[in-house]
There are 2 protein chains.
Amino acid sequence: MRIGELARRTGVTERALRYYEEQNLLRPARLPSGYRDYAPSDVAAVRHVRSLLAAGLPSHLIADLLPCMVDTGDGLMPGCRSMLSPLESERDRLTSAIEQLTAARAQLIALIDRTPDDDAEYDAWVAAHGAG
Amino acid sequence: MRIGELARRTGVTERALRYYEEQNLLRPARLPSGYRDYAPSDVAAVRHVRSLLAAGLPSHLIADLLPCMVDTGDGLMPGCRSMLSPLESERDRLTSAIEQLTAARAQLIALIDRTPDDDAEYDAWVAAHGAG
DNA sequence: CTTGACCCTCACGTCGGCGTGAAGGTTTAG
DNA sequence: CTAAACCTTCACGCCGACGTGAGGGTCAAG
């Protein structure tokens, strides 16, 4: 399969696919013409890469991780358990990122909620809080 | 107060404080020497800006928003209710960002959990799932 | 042969929130 | 007087995951 078809089948731009190769996330064969020749399994591989990228994993970590993943994507191969530690770091980084965003959103919601919708409400708000 | 003291009191670098002025997030007065002269209230203002930046609000939106905020930071002034719409957009953007991160983390956790800790566990895992 | 779809490799542009100098003026302490 | 600690503006560097051309090759159809 050439790059255009893979792009269509994954919804990823050709540029992104070339970028993934540059980052060693994909290693397509080459046709005599120099065209990239992707395997059918690369459709799944691309989805895999995308979900890990969406998790915020840096591409070099994904590159290290991919050869460790079994076909089903269910776990890591033996001899790759050294990857667990960086994975746990990323998990913790995600957790704190989520907490930060959640706190920020709560603050934003509070600001929105405390803003009156019209002048009548504003007058009531002033009466309750004092003149601004 | 000059920039160094404000930096110390807020934990924000001087460079960042100059950047905030460049982005119209702060408007310090100037001393005859040309030095920035910050008001005491700018300590709170900086914390405010930081929390909005942490929420992912673009600085130009914060710049529009700041003159709308009352001293207590509790709500928006009247005549600024047009800000509500972009704020709600940002809130929704935050919500979907949080959902994405949460889903990504769940996937990462699943990957970690399914990876056996030692060879014995791996043998059992192979027995249950078939050879990898 | 020509058109046109498809592909290639550079290589610079983008966004945001700063970091990091360079090159110099001002104020303060000794 | 000197040195240190401030301060100024100007302006390029950085990160990451691509976007966006430029300037070409490849290949099947008409």
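All chains are named by letter (A, B, ...) in the order of the sequence lines, taking the proteins before the strands, and each is independently numbered beginning at 1.
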**Message:** Show, in sequence, the C-alpha distance, side-chain angles and deciding distance for B:Thr10 and B:Arg47, and conclude whether the side-chain hydrogen bond (donor to acceptor under 3.5 Å, both in side chains) test is met.
**Reply:** CA-CA 7 Å; B:Thr10 57; B:Arg47 296 191 210 283; over 6 Å; no

N or O in side chain of [X] less than 4.0 angstrom from [N] OP1/OP2:
X       : N      : answer
A:Tyr19 : D:dG19 : no
A:Ser59 : D:dA17 : yes
B:Thr13 : C:dC18 : no

Without decimals, in angstroms, what is the distance between [X] [atom1] and [N] [atom2]?
X       : N      : atom1 : atom2 : answer
B:Glu22 : C:dG16 : CD    : C1'   : 12 Å
A:Leu61 : D:dA17 : CG    : P     : 11 Å
B:His60 : C:dC18 : NE2   : C1'   : 17 Å
B:Gln23 : C:dG16 : CD    : P     : 9 Å
A:Asp37 : C:dC8  : CG    : P     : 11 Å
A:Asn24 : D:dG16 : CG    : P     : 15 Å
A:Leu52 : D:dG16 : CG    : C1'   : 16 Å
B:Leu17 : D:dC7  : CG    : P     : 10 Å

Looking across every strand, which nucleic acid part, if any, lies under 4.0 Å from [X] by heavy atom: base, sugar-phosphate, or nothing?
X       : result
B:Leu57 : sugar-phosphate
A:Glu14 : sugar-phosphate
A:Leu31 : nothing

Enumerate all atom pairs, one protein N or O and one N or O from nucleotides 22-25 of chain D, separated by less than 3.5 Å.
residue : atom : partner : partner atom : Å
D:dG25  : N2   : A:Tyr35 : OH           : 2.6

**Request:** Might you work through the side-chain hydrogen bond (donor to acceptor under 3.5 Å, both in side chains) test for A:Arg15 and A:Tyr20, ending with a clear yes or no?
**Result:** CA-CA 9 Å; A:Arg15 178 64 182 90; A:Tyr20 295 161; over 6 Å; no

Any heavy-atom pair between the side chains of [Y] and [X] that's under 4.5 Å?
X       : Y        : result
B:Met1  : B:Asp42  : no
B:Asp64 : B:Met83  : yes
A:Leu57 : B:Leu108 : yes

**Request:** State whether A:Arg9 and A:Glu5 are salt-bridged, where the test is any N-O pair (Lys NZ or Arg NE/NH1/NH2 against Asp/Glu carboxylate O) under 4.0 Å.
**Result:** yes

**Asked** Below 4.0 angstrom, N of the basic side chain to O of the carboxylate: do B:Glu21 and B:Arg27 qualify?
**Response** no

So which protein nitrogen or oxygen atoms get under 3.5 Å of nucleotides 9-13 of chain C's nitrogens or oxygens?
residue : atom : partner : partner atom : Å
C:dT9   : OP1  : A:Arg30 : NH1          : 3.2
C:dT9   : OP1  : A:Arg30 : NH2          : 3.2
C:dT9   : OP2  : A:Arg36 : NH1          : 3.0
C:dT9   : OP2  : A:Arg36 : NH2          : 2.7

**Request:** Considering non-hydrogen atoms only, spot the tightest contact between A:Ala7 and A:Thr13 and give its length.
**Result:** CB-C, 4.4 Å

**Request:** Provide the closest heavy-atom pair for A:Glu14 versus A:Gly4 in the form atom of the first, atom of the second, distance.
**Result:** OE2-CA, 3.8 Å

